[in-house]
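Okay, structure first, notes after.
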Number of protein chains: 2
Amino acid sequence: MTVDDRTSSDAAPAGERSTRQKRALARILQETDEFRSAQSLHAALAQTGTRVGLTTVYNQLRALADSGAIDTFRSTDGETLYRRCGTDEHHHHLVCRNCGRAVEVEGPEVEAWATQVARAAQFTDVEHTVEITGICRDCR
Amino acid sequence: MTVDDRTSSDAAPAGERSTRQKRALARILQETDEFRSAQSLHAALAQTGTRVGLTTVYNQLRALADSGAIDTFRSTDGETLYRRCGTDEHHHHLVCRNCGRAVEVEGPEVEAWATQVARAAQFTDVEHTVEITGICRDCR
DNA sequence: GTTTGTGCAAATATTTTGCACTTGA
DNA sequence: TCAAGTGCAAAATATTTGCACAAAC
């Protein structure tokens, strides 16, 4: 209940309400390009003086992920990591296993390959997941 | 006690013992090339009449994974899946979402692409996972 | 005033750990 | 023998859910 931030881009669709918690989470997600866990985001919110329940953070992240507003990624530690994506287009991520920094990558070849492979095996409704992980330059 | 100390000639570092449980797990892993959860493997063992504790299954899977004998993958459900492939060579799977049937596929283009993408971003220790899913012909 | 959203506490689910007991070599 | 291996019970971790209450519209 600190700063009055009834901001900017909330073009809330019908039935969706704008709350202090939602705005705070959206702001935090906007500020970083790394994949972050729900716990991490929750802690970050607390540090900025914005108290948001952990349950609410999970609730919202799931809602955002379901609507496609953010991407999810599962770390090797078993945590689900979230990140706001720059584009709605299909793409993949190159993620640093150490710091979580992500680079968005495109792979026309991969898309084509996946489609072709599936067709050859007579599979339909094809979906694919590609996860590339490594250690980024700063973490070496 | 006059101990005859002829130690220090430890040439057998891996004092690994063969047990009924280890053999059973190895056999199950050998039988499939699909990713399977610890719970699934535990259940499969039970069905063949081989009682192995869940803890032991986890213990062994982790040991095998650490030694590089099997690969691990995290599903979207949050489970860790394990697989033992016939070769050490890298390959991927095309899995039917309905019946679970899996087809092994190779993708030299994908390997090359992933490597190149990672190098361009100056990432090291690169790993990648590709999962293609769809509905197979028999399930249409 | 009604409906959506929040968040505490408790429940689930997966995996790990403490520790006494087995067993292979 | 005796350390490696096993497995029950309980802990640790991550996420979900029940539900009373608050806030948005």
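Every value quoted in this text rests on a predicted model; they were computed, and no experiment measured them. We name chains A, B, ... by the order of the sequence lines, and we start the count at 1 in each one.
- Considering only side-chain atoms of B:R51, the nucleotide from D:dA3, D:dT15, D:dG7 that sits closest is D:dG7.
- Interface remark: the B:R17 side chain does form a donor-acceptor pair with the D:dA3 base, using a distance-only criterion of under 3.5 Å.
- In the 5' to 3' direction, nucleotides of DNA chain C lying under 4.0 Å from heavy atoms of chain A begin and end at C:dT3 to C:dA9.
- At a threshold of 4.0 angstrom between heavy atoms, the contacts of B:S18 are confined to the sugar-phosphate backbone, with no base atom among them.
- Atom C1' of nucleotide D:dG7 and atom NZ of B:K22 are separated by 15 Å, given to the nearest angstrom.
- Rounded to an integer number of Å, the gap from CG of B:L25 to C1' of D:dG7 is 15 Å.
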inquiry  = What verdict does the salt bridge (Lys or Arg N to Asp or Glu O under 4.0 Å) test give for B:D71 and B:R83, after you've listed the backbone C-alpha separation in whole Å, the side-chain angles of each residue and the deciding distance to 0.1 Å?
reply    = CA-CA 5 Å; B:D71 279 347; B:R83 75 171 173 186; 3.4 Å; yes
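- Note: the hydrophobic cluster containing A:V130 also contains B:L94 (ILVMFWY, side chain heavy atoms under 4.5 Å, direct or indirect links).
- For DNA chain C, the residues of residues 56-65 of chain A within the heavy-atom distance limit of 4.0 Å (strictly under) are A:T56, A:Q60, sorted by number.
- Nucleic acid contact for A:S37: none, since no nucleic acid atom lies under 4.0 Å from a heavy atom of the residue.
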inquiry  = Between B:H128 and A:H92, does the ring pair (Phe, Tyr, Trp, His ring centres under 6.0 Å) criterion hold? Intermediate values first, please.
reply    = CA-CA 11 Å; B:H128 70 274; A:H92 302 292; over 10 Å; no
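- At the phosphate of D:dT17, neither OP1 nor OP2 sits under 4.0 Å from any side-chain N or O atom of A:T55.
- Note on B:T19: only backbone sugar-phosphate atoms sit closer than 4.0 angstrom, heavy atoms only; bases stay farther off.
- Annotation for A:L54: hydrophobic cluster partners, listed by chain and number, are A:Y58 (ILVMFWY side-chain heavy atoms under 4.5 Å, direct or chained).
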